[in-house]
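Hydrogens, waters and symmetry mates are skipped; everything else that's a heavy atom, side chains included, is used.
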Amino acid sequence: MTTTTGAATAPGGPERPAPRRGDRSLRTGFGLLGPRHGRHQVTAGQLDALALPIGDDGVVVGVDTEGRPAVLGLNRPTPYDVVLIGGLWTAQVLALRAAATGARVAVETGRPQAWVQMVHAMGGGQNGLAVYEVGRVPPQGASAGTPVLVVRDCGMRPPRGRVASGPWQSVLTLLPYLSPVAPRLIRQARLVGVQRISPDEAAEVGRALALPREHVEALPTLVDGFTLWCADRDRQYVMTQPTDAEIGLLGTPRRMD
């Protein structure tokens, strides 16, 4: 029984003092007190020496000329349009890596046979990648929890897409070469990637992107796997290095399909 005088007795046992408020030996309902250690503190002067090893967030597309990882931030809360003037191999690597980050990939293509192997490798379209005919991409329902990358592999003159870029839904348009629609797509894009093209095409791209002369002269000489990525005034050469799994599925880097 429990008395009101601050003491407790057990049947057949001696009387013992009841726990008092603030008693550190017992915290009823919260377990025992753990060990106590000194606080970790730094002085104000030491704060400048602290750094967090956090890089850019996105899809690793390769390494730059200094060997550092190059990242494309495809999953964004705002519309994001990308144009790649290059080969199917690079577009497929980007699609694979975007799916690996948790994005759903919808491929709009006139050559579905070129994507069949990827679909089978990823579980028959149930694990992040689905292929649609040109003009048949349904609404994707993109959100912060399920971002979407739409890859438009529709040849030299892709029609205007039914599914446009939007919040958490980026659109990557693949152009094998320049065409009459290329200038319009380049103007609309937030990011443009250019692989090896002819000198005449390089001159046209140089005018559209306001490239320095050295970049225009370099474009016809780029080796397979190299891409010049351009965003506003930023220019970066990137070498896409495939993993063993990517080589087994897609082969080695190539510009021509």
Side-chain angles (χ1 to χ4, degrees), residues 58-59 61 72-195 227 229 240 242 245-246 249-251 254-257:
V59 178
V61 294
L72 295 186
L74 296 176
N75 301 332
R76 297 169 178 259
T78 55
Y80 197 64
D81 287 283
V82 182
V83 171
L84 172 63
I85 304 170
L88 176 65
W89 184 91
T90 302
Q92 290 183 327
V93 169
L94 290 176
L96 277 176
R97 296 183 181 183
T101 66
R104 288 188 291 108
V105 180
V107 179
E108 180 182 10
T109 181
R111 47 178 174 177
Q113 69 282 356
W115 294 85
V116 167
Q117 188 174 0
M118 280 184 59
V119 174
H120 291 331
M122 297 182 65
Q126 300 300 314
N127 293 317
L129 188 147
V131 175
Y132 303 93
E133 296 179 4
V134 176
R136 298 294 183 88
V137 181
Q140 296 297 303
S143 66
T146 56
V148 173
L149 172 64
V150 178
V151 178
R152 305 200 69 214
D153 174 29
C154 305
M156 295 285 291
R157 298 172 179 263
R160 293 184 182 273
R162 291 179 54 190
V163 179
S165 62
W168 304 109
Q169 179 167 291
S170 298
V171 175
L172 168 66
T173 300
L174 173 65
L175 296 177
Y177 301 101
L178 259 64
S179 70
V181 302
R184 172 178 61 83
L185 294 174
I186 290 174
R187 287 194 301 269
Q188 295 174 347
R190 297 278 302 280
L191 178 69
V192 178
V194 187
Q195 297 186 319
T227 307
W229 291 101
T240 300
E246 290 168 345
L249 181 61
L250 303 175
R254 59 189 180 277
R255 169 64 176 91
M256 303 295 292
D257 300 315

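- Between Val82 and Trp229 the shortest side-chain heavy-atom distance falls below 4.5 Å.
- Between Thr227 and Val61 there is no side-chain heavy-atom pair separated by less than 4.5 Å.
- Of all heavy-atom pairs between Ala95 and Leu149, the closest is CA-CD2, 4.5 Å.
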Legend entry - Pair Val163-Gln169, side-chain contact (heavy atoms from CB on, under 4.5 Å): steps then yes or no: CA-CA 9 Å; Val163 179; Gln169 179 167 291; 2.9 Å; yes
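- Contact check for Gln140 versus Thr146: no side-chain heavy atoms found under the 4.5 Å cut-off.
- For Arg97, the salt bridge (Lys or Arg N to Asp or Glu O under 4.0 Å) criterion is met by Glu246, not counting sequence neighbours.
- For Arg152 (side chain) and Glu108 (main-chain N/O), no donor-acceptor pair under 3.5 Å exists by modelled atom type.
- Atom-to-atom distance recorded for Thr109:OG1 and Tyr132:OH is 13.5 Å, nearest 0.5 angstrom.
- Counting heavy atoms from C-beta on, the side chains of Gln117 and Gln92 never come closer than 4.5 Å.
- Across all their heavy atoms, Pro79 and Ser165 have their closest contact at CB-OG, 3.5 Å.
- Residues Pro242 and Val93 have side chains not in contact (no heavy-atom distance under 4.5 Å, counting atoms from C-beta outward).
- Scanning all heavy atoms of the two residues, the minimum distance from Ala99 to Met122 falls at CB-CE, 3.5 Å.
- Closest of all the heavy-atom pairs between Pro183 and Ser179 is CD-O, 3.5 Å.
- Taking each heavy atom of Tyr80 and Gly73 in turn, the nearest pair found is CE2-O, 3.9 Å.
- Checked options Val105, Val59, Leu250; the residue passing with Leu96 is Leu250 (criterion: side-chain contact (heavy atoms from CB on, under 4.5 Å)).
- Under the 4.5 Å side-chain criterion, counting only non-hydrogen atoms from C-beta, Val131 is in contact with Leu129.
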Inset, instruction - Before giving the answer on side-chain contact (heavy atoms from CB on, under 4.5 Å), spell out for Leu249 and Met118 the whole-Å C-alpha distance, their side-chain angles and the decisive distance to 0.1 Å. - result: CA-CA 7 Å; Leu249 181 61; Met118 280 184 59; 4.1 Å; yes
Please set out all donor-acceptor pairs under 3.5 angstrom arising from side-chain atoms of residues 170-177, sequence neighbours excluded.
| unit_1 | atom_1 | unit_2 | atom_2 | d |
| --- | --- | --- | --- | --- |
| Ser170 | OG | Leu74 | O | 2.4 |

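- Inter-residue side-chain proximity for Leu88 and Arg111 is flagged as met; some heavy-atom pair is nearer than 4.5 Å.
- In this structure, the side chains of Arg157 and Pro180 come closer than 4.5 Å at one or more pairs of heavy atoms.
- Of all the heavy atoms in Leu84 and Ala91, the pair that sits closest is CD2-N, 4.0 Å.
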Inset, instruction - Go through the steps for Ile186 and Ile85 under the test side-chain contact (heavy atoms from CB on, under 4.5 Å), then give the verdict. - result: CA-CA 10 Å; Ile186 290 174; Ile85 304 170; 4.1 Å; yes
